[in-house]
Structure formats: C-alpha cells, structure tokens
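First the structure, in the form of structure tokens, and then the observations on it.
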Amino acid sequence: MAILDVKNLHARVQNREILKGIDLTINPGEVHAIMGPNGSGKSTLASVLAGRENYEVTAGTAEFNGKDLLDLSPDERACEGLFLAFQYPVEIPGVSTSYFLKAAVNAIRKYRGEPELDAMDFLKLIKEKMKLLEMDQSFMNRSINEGFSGGEKKRNEIFQMTVLDPSLCILDETDSGLDIDALKVVSQGVNALRNKSRGILIVTHYQRLLEYIVPDFVHVLRDGKIIKSGDKSLALELEAKGYGWLETVAA
Amino acid sequence: MTQTARPISADTDNSSGPLAVGPDFGRPWLAEFRQAAAKTFARVGYPSATDEDWRYTPLAPLTQNHFRTIPAAGAVSRDAIAHLSLASRGFYELVFVDGYFSAALSQTTGLSGLIEFHNFQGAAGGESDRIAKYLGHELPSGINGFAALNAASFSDGVFLYIPAGVTVDKPIHILWATTRHNHPVMVYPRGLIYACSQSRAVIVQTYADLDSDHPVFTNVATEVIAGRGSHLELIKIQRQALLGLHMANEAVHVHGSATFQSLAMNLGAVLTRNNLSVHLAEPFAQATLNGLTISAGSQRVDNHTLLDHARENCPSHELYKSLLAGNAAGVFRGKILVRPDAQKTDSKQTSKAMLLSDSAVMNSQPQLEIYANDVKCTHGSTTGPLDDEQLFYLQSRGVSAQQAQALLTYAFAGDVLDRIIDPAAREFISVLVAEALSRLHIAPVEL
C-alpha cells in the first residue's frame, strides 16, 4: 500500500485556485522531490497535506496509509505519522522545546494506544537524536525557535522529525536560508531517516539540497500541476536549463 | 474597642453616602488628617467622565450610594479564610477582617523580632507619631476623590516599618478579607510600608470577599517608601468576588539605588481600577512594574501606571499582560514621565493582551512625557487572539487544538510569573493562575 496517494487534488486559498489537479503516489522507502518556480504551488501542496487552515480542497482525494487524509485535523495527521518540516518555523516564546516535544511524543503515543514516556525515557530518546543533529543540550530548555538563527530553526525541524519518527516526512523548502555546513547536518539527519518503510517528500526550489538527499523521483510543478516527472537527472537538467525550459516541455 | 464611623455632612452638593469619617483612635493628628481628607473630598468629589484620566473607567457603579460602611468586623473562623491564607506556605500573615485587624487570625511569630508592624488602631505613641509623619505623604488625598474617601474613612490600616539592613526572611502576607453582609458594603484598606535603607522584603496583599451575593466595594490606598539600597517586592492579588468593585490608589517613593518591583494580579471583581504611581526620586533607583489580568464575563480591569523619573540613571521596566475572555474589557494606560534632571533614563514599557473571544476588548495607551535629552524610552503594545501560525505549528506535531491553546495561554501568563522574584510567591501565584485559567476551561499545563 502506498503511504501517500494523491489524486486530482485541487485546492484554493481565498478563492484563488492554486492546485489544479495533482496526482502523486509515494510508496514506502521512496524519496520524492517536487521542484518548481516560485508561485507554482509547491508550498501550498505541503500545507494542504499537513492540514493548514484557510486552504480549501475543492476536488480530488488524498489517502494517507489508506485513510482519508483530508478528513483529519492537523494533529490527527501528525498522530497518523505525517510530519511537515516548516519553511518558516514559528517562534513560540514561553514554551520550551523540551516540554513541547514531550507533549507531542506523548500525544502521538496516546493516539496509537502506547504508554506515555516518562521524563527519563524521553530524555534518553532525545539525547540520542540530538547527537545526530549536532545539537547542544541547552536547545531543549530554550523556548521553541525563539531567537534561533535560520539554520538552528531548520535543524530543530529535522530534530523534531527524527524524534517523532513519522511515516511520511514533508520538507518544505528546508534548504532555504541554510549555509553549506548547516545544509550538510540537516541532510545527514534526513538521510538517517531513510529506510524501507518511510516516505519522504522534498519541496524545493533549488537542486542544491538534492545533491545531499538524493531523490528517487523528481516532479516538476508548474501552475498547480505536475508537468513532468523523472528520476534525479531531471533535477540536474532543471538546474542547467532553468525553469524557462519547461515552457517548451509544457507546450 | 470598636468605634462606629460617624457620618458628617459635607458642605457641598457633591456629598454622598460614603463619606463617613472614621475613628481617630484618640489621636488628634488622625482626627485632623481625616477632617482634611473629608474636606478634600467635598472639594474634589468623584472623578468625572470628562477627566482624561478617568474617561475610560465606568464610574457609575463606584459612586452609587448604597454601599454601607462596616461598623465592626464580622465574625469569621480560621477555616473560612483558610483558602486565602498563605501561612501554611510559611508566609508571615496579617489578617484584616472587614477592614479591622484580627490578631487572632494573624500569624506573626518571629516577625516582631525583625520589623515593626502595627495596625493603626493599636499603634502606641511613638509608632503612632511615625505613622503621622508618613501617612498621606506619598498619596495625598487630593489626587482623586477615592483616595480622599479612603483617608477620611478607613477603619484601620497596616503600618510596616522595616529597619535598616534587615532582610525579612519570609514574605509578609497582608490579607484583607470582607465577610458576608446582607447588603452592599464598602471597605477602605490602608497600607503604609516603610522599608529603610538596605532592607529587603517581599510583601503580598490580598483583597478577597467572602460574600459573593452582595457587592463589596474595596477602596484601597497604599503608600510605600523604599529607602536607599533597599529591595522591595510588592505583590497585589485582587481576587474579590465577581460582583465586587475594586479601586486602588498606590504610590511608591523609591530612593537612590533601591530596587522596587511590583505585581498587580487582577482576577476577581466586575470592575477594577488600579492607579499605581512610582516616583524614582534619586539616582540609580530601579522600578519594575508587572501586571497580569485574567478576566471573563463582563469584568473590566483598568490599569493606570505612572513612572515618574525625577533623577538620572534610573532604569524602569514595565510589563502588563491581560488574558481576556467573554465580554471582558481592559485598559492599560502607562505614563512615563522623564523630568529634566532624569538624564540616562532607561525605560521600557510593554503591554500585551490576548483576546480569547471575539467580544473581548483591550485599549492600550502609552504616554511618554520626556523633558531630558539623553534618555532611552521604548514602549510597545500588542493585542490579539491566539496566533494561528503558532497553533498550527503545535498541532502539526500531534498536539490537540485544545492542548495547543492551553500551552500558548500558559506561556503568555508564564512570562509574567517568571519575573516574580520570590520563589514562594511565584509558586502560589502560579496556582492562582491555573485556577483562573481552569475557570476559563483551559486545561492545566506545567511549563
């Protein structure tokens, strides 16, 4: 069974149609990349899948591990195993990363009928993952993303992703605002999550990230539709020729 | 002996029921003080809605005539005030019932070796002279009619004198409880706190009603002097019944190198008006004014503060936060006055309101009056509902919408709680906040 099966998905924001019929299937173990110029609908697709408010699905379906994804609230989607790494992670003063992450881990465990983790077990879990993302322990006591640099925020996203262990990871422009060192650390974290059962969807404007996280499939989104799909070589071709080249492809 | 308040006839058309001159405890100075205040009230009357400082506060409920003064303390058992007591948390405790000091209910073991504390009625000659010297000095009756009414009418009051260099080992709790009466009543809590140089103390004042069926109008006046190099944390907990009315005039004089910090917690009463004025009188005096309001229903809380920077090199910080649900309304009006001699003033004022319903409203008004040229003054205010983007972020990690709301609400209040210096005070106020939020159906969160 596919992890994600999207058919003919249409969505709009404030009466403006952005997604105009997306078809996308992600099977266990696959890494997909969605590329496209600004305004093509990449981030909208990520937001619609995660259940962000004010995005209205007008047609089509999306199944997540066999369930109707569109029927679930954002927290239910997360509990079912979907994770969105934000393009712009929000700062939440007054809520420590550690408190929040423990609440998230236990909300998900409760949803799945598993016993909640106590403080000791939780600490053990996160220590291991922090090492992987080269994060300092003090991170956990700081308010969520407050005063973090762009790179720290993205690293925090991937760190949370590794802790929550989702079946589908959606990375929305994770490479934006990252220097090369941060990009390597983040990629390393994502690559460590690659396995036979997980699906990964990378939304990106640039090919750069895909040098580090090599996708199995690349899709080109333009004006709310996937106009071309291929393997990783498609990303290189896009890099070489630019999105303008697709005008001819589309025609 | 309890003395009954004697009504006087004021010689103006502004006279009204509340003006009943209180007892003088056989002290001529007090009789004089009260008569002067009564005259002042007759002259200034109640504030009027055309007065810029008062035009946002609905005055009608406060100026009605049906409140009666309380001639003697009502009977109250220790159990009846147990929920208000902080003695079990190790605080010293002075209890006033219906405005009258109750030695039996107070817990002062160990305190008398450290500081002088008296109720006005019980103060002996020398102590009474000291009260005479300071009373009304920081808070002249003329500032407004409510302050004048308090001065003319208070039934008793508290005087704390913290000698130089003394550190009071535990917080002092002054509990002002009003008992059950079968009609609307008014009480006039009066406090005078003198912290001598290099002393340290934490003082908590609680205002509470044991009667939730009839309105209690609590008209507070507090005067504080923070001596040179002293550290004073003054916490006010307003947890009156929902029918209650609360008016407070508080004035603080901060001497050089002293550190003064206040917290105004507004939880109860249908109408609250706080006037807090802090005078930074000498160089290197510091003031931090914090406020936290949690309101719902038709509650209304107006916080007016004045930071008066008289001299150079004084930092001041101000953070007032309001959580407003239902039809609650709030006002924050913060004035920062920087006088010509107050160079190198560093003042930061922040007012934040979180609206938990569409019909809650907040009105924030900073007022900067600056007459010095080398100063740093900033102010900022934000008002709005819970942040959708923050809610979505939390939910996207599996946290339910309800829990996400609770987290953000607690974080909002926690910002103020974190600033409370005294850990024991912080702990019990956190409990009060959790209780207040649970009344708004917000699930408990221990951040």
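The figures that follow rest on heavy atoms only: side chains count, while hydrogens, waters and symmetry mates do not. Protein chains get the first letters and strands the later ones, always in sequence-line order, with residue 1 at the start of each.
Interface residue E91(A): only backbone heavy atoms are found under 4.5 Å from chain B. There is no contact between L101(A) and chain B, counting heavy-atom distances below 4.5 Å. For R77(A), no part lies under 4.5 angstrom from a heavy atom of chain B. Of the atoms belonging to P89(A), heavy atoms from both backbone and side chain fall under 4.5 Å from chain B. Within the 4.5 angstrom heavy-atom criterion, only backbone atoms of A401(B) (N, CA, C, O) approach chain A. At a 4.5 Å heavy-atom cutoff, the contact between I92(A) and chain B is made by backbone and side-chain atoms alike.
The residue among D388(B), L394(B), D415(B), D418(B) with the most heavy atom pairs within less than 4.5 Å of chain A is L394(B). Top candidate by heavy-atom pairs under 4.5 Å with chain A, chosen from D387(B), L391(B), L407(B), is L407(B).
Within 6.0 Å of atom CG in D358(B), 12 or fewer heavy atoms from other residues, nucleotides or ligands are found, so the atom counts as exposed in its surroundings. The local environment of NZ in K170(B) is crowded, with over 12 non-hydrogen atoms from other residues, nucleotides or ligands closer than 6.0 Å. By the neighbour-count criterion of 12 heavy atoms within 6.0 Å, atom CZ of R112(A) is densely surrounded, having more than that number from other residues, nucleotides or ligands. Residue Y88(A) places its OH atom among 12 or fewer non-hydrogen atoms of other residues, nucleotides or ligands, all under 6.0 Å distant. For CD of Q402(B), the number of neighbouring non-hydrogen atoms (other residues, nucleotides, ligands) closer than 6.0 Å is 12 at most. Heavy atoms from other residues, nucleotides or ligands lying under 6.0 Å from NZ of K352(B) number 12 at most.
Here the closest non-hydrogen pair linking R397(B) and A104(A) is O-CB, 3.2 Å. Nearest heavy-atom pair, Y393(B) versus Q160(A), reported as atom, atom and distance to 0.1 Å: OH-NE2, 3.1 Å. Shown here for A107(A) and G398(B), the closest heavy-atom pair between the two residues is CB-O, 3.3 Å. Heavy-atom minimum distance, A411(B) versus P93(A): CB-O, 3.6 Å.
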Exercise. Under the ring-ring contact (aromatic ring centres under 6.0 Å, His included) criterion, do Y99(A) and Y410(B) qualify, and how do the steps go?
Worked result: CA-CA 12 Å; Y99(A) 183 91; Y410(B) 269 83; 9.4 Å; no

Exercise. Yes or no on side chain to side chain contact (heavy atoms under 4.5 Å, CB included) for V445(B) and V95(A), after CA distance, side-chain angles and deciding distance?
Worked result: CA-CA 10 Å; V445(B) 172; V95(A) 182; over 6 Å; no

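The shortest distance between side-chain heavy atoms of E389(B) and E53(A) does not fall below 4.5 Å. Residues F83(A) and S396(B) are not in side-chain contact: their nearest non-hydrogen atoms beyond the backbone lie 4.5 Å or more apart.
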